[in-house]
Amino acid sequence: MPRSVTRILVLCFLFISILAKSAAQADSKQIQQQALLTEITRMDSLLFQAFNSKDLNSLKKYFTTDLEIYQDNTGVRNYEEAMEVFAGLFKQDYTLTRELVKGSMEVYAVKDFGAIQSGAHRFCHIENGKPDCGTFKFMHVWQKTAAGWKIKRLITYDH
């Protein structure tokens, strides 16, 4: 076989190997992204199951104790202040419920830390016999800890 043919075959083999490796890496990244999306979707559901059922003790376990909450219409709160606000909400005569706006959630990995979750959610309660609802944007910074996934930073805006 002439040298030029051999070189072409070697180059073709290298090119195919590189393409196969790139495709495998892309598949692996897509699988990891889907697994992360599934996990954060599950955590979001558990978090707001506790919120919607007014279960403060369960709700607390989804936040780090150095939590910071940034809200456009109320300012900045820490963990203790946030738990006081939740406790006050849960004592109200009405029940405030949260639902994730379908198709709005995005999740991005944060290397060696956790994930960023963003989306829109709708909060409703009954007032004068009718639903009173508002839809707002949010961002949660989830940290993967030894005790599980916890929100370290929470940003809510567009109120």
**Message:** Under the rule for ring-ring contact (aromatic ring centres under 6.0 Å, His included), what residues qualify as partners of Tyr70, not counting sequence neighbours?
**Reply:** none
**Fill in**
With sequence neighbours left out, the residues meeting salt bridge (charged side-chain N to carboxylate O under 4.0 Å, His left out) with Glu99 are none
**Prompt:** Would Val85 and Val76 show up in the same hydrophobic cluster when neighbours are defined by side-chain heavy atoms closer than 4.5 Å?
**Reply:** no
**Fill in**
When rounded to the nearest 0.5 Å, the distance separating CZ of Phe123 from CZ of Phe136 is 7.5 Å
**side chain to side chain contact (heavy atoms under 4.5 Å, CB included) against Thr95, all qualifying residues, sequence neighbours excluded** = Lys54, Thr97
**Message:** Checking Phe48 now: which residues fulfil ring-ring contact (aromatic ring centres under 6.0 Å, His included) with it, not counting sequence neighbours?
**Reply:** Phe51
**Fill in**
Tested for side chain to side chain contact (heavy atoms under 4.5 Å, CB included) against Gln34, the lone hit among Leu36, Thr38, Ile31 is Thr38
**Message:** Could you measure the distance from the CZ atom of Phe113 to the OG1 atom of Thr145? Nearest 0.5 Å is fine.
**Reply:** 9.5 Å
**Interatomic distance, Ile116 atom CD1 to Glu106 atom CD [nearest 0.5 angstrom]** = 11.0 Å
**Distance in Å, Asn78 CG paired with Glu68 CD, rounded so as to fall on 0.5 Å steps** = 8.5 Å
**Message:** Just to verify, what does Gln49 make a side chain to side chain contact (heavy atoms under 4.5 Å, CB included) with, not counting sequence neighbours?
**Reply:** Leu46
**Distance in Å, Asn57 CG paired with Asp55 CG, rounded so as to fall on 0.5 Å steps** = 6.5 Å
**Asked** Distance-only, no hydrogens or angles: does the Gln33 side chain make a donor-acceptor pair with backbone N or O of Tyr108 under 3.5 Å?
**Response** no
**Item:** Path from Met139 to Ile40 over hydrophobic side-chain contacts below 4.5 Å
**Value:** no
**Asked** Does Thr41 reach the main-chain N or O of Leu37 with its side chain, forming a donor-acceptor pair under 3.5 Å?
**Response** yes
**Prompt:** For Asp66, what residues pass the salt bridge (charged side-chain N to carboxylate O under 4.0 Å, His left out) criterion, not counting sequence neighbours?
**Reply:** Lys152
**Rounded distance [0.5 Å steps], OG1 in Thr156 versus CD1 in Ile69** = 9.0 Å
**Contacts of type salt bridge (charged side-chain N to carboxylate O under 4.0 Å, His left out), residue Arg77, not counting sequence neighbours** = none
**Asked** Would you say Ile151 and Leu47 make side-chain contact, with heavy atoms under 4.5 Å?
**Response** yes
**Asked** Would you say Glu39 and Trp149 make side-chain contact, with heavy atoms under 4.5 Å?
**Response** yes
**Which residues share a side chain to side chain contact (heavy atoms under 4.5 Å, CB included) with Ser104, sequence neighbours left out** = Leu100, Val101, Ala120
**Request:** Grab the two heavy atoms, one from Val107 and one from Ala115, that are nearest each other, plus how far apart they are.
**Result:** CG1-CB, 4.2 Å
**Request:** Output all residues satisfying side chain to side chain contact (heavy atoms under 4.5 Å, CB included) with Asn73, sequence neighbours left out; order by chain, then residue number.
**Result:** Gln71, His159
**Message:** Same cluster or not: Leu59 versus Met43, using hydrophobic residues (I, L, V, M, F, W, Y) connected whenever any side-chain heavy atoms lie under 4.5 Å apart?
**Reply:** yes
**Request:** Compare all side-chain heavy atoms of Ile126 with those of Pro131 and state whether any distance is below 4.5 angstrom.
**Result:** yes
**Prompt:** What pairs meet the side chain to side chain donor-acceptor pair (under 3.5 Å) rule with one or both residues in residues 80-92, with sequence neighbours excluded?
**Reply:** none
**Item:** Pairs where residues 113-123 contributes a residue and the test side chain to side chain donor-acceptor pair (under 3.5 Å) is met, not counting sequence neighbours
**Value:** Asp44-Gln117, Arg98-His121, Gln117-His140, Gln117-Trp142
**Request:** Give every residue pair that meets the side chain to side chain donor-acceptor pair (under 3.5 Å) criterion with at least one member in residues 126-137, sequence neighbours excluded.
**Result:** His125-Glu127
**Prompt:** Phe90 and Leu56: side chain to side chain contact (heavy atoms under 4.5 Å, CB included), yes or no, with the steps?
**Reply:** CA-CA 8 Å; Phe90 295 168; Leu56 186 61; 4.1 Å; yes
**Asked** Would you say the side-chain atoms of Lys150 pair up with the backbone N or O of Lys61, donor to acceptor, closer than 3.5 Å?
**Response** yes
**Message:** Are Leu67 and Val141 linked, directly or through intermediate hydrophobic residues, by side-chain heavy-atom contacts shorter than 4.5 Å (ILVMFWY only)?
**Reply:** no
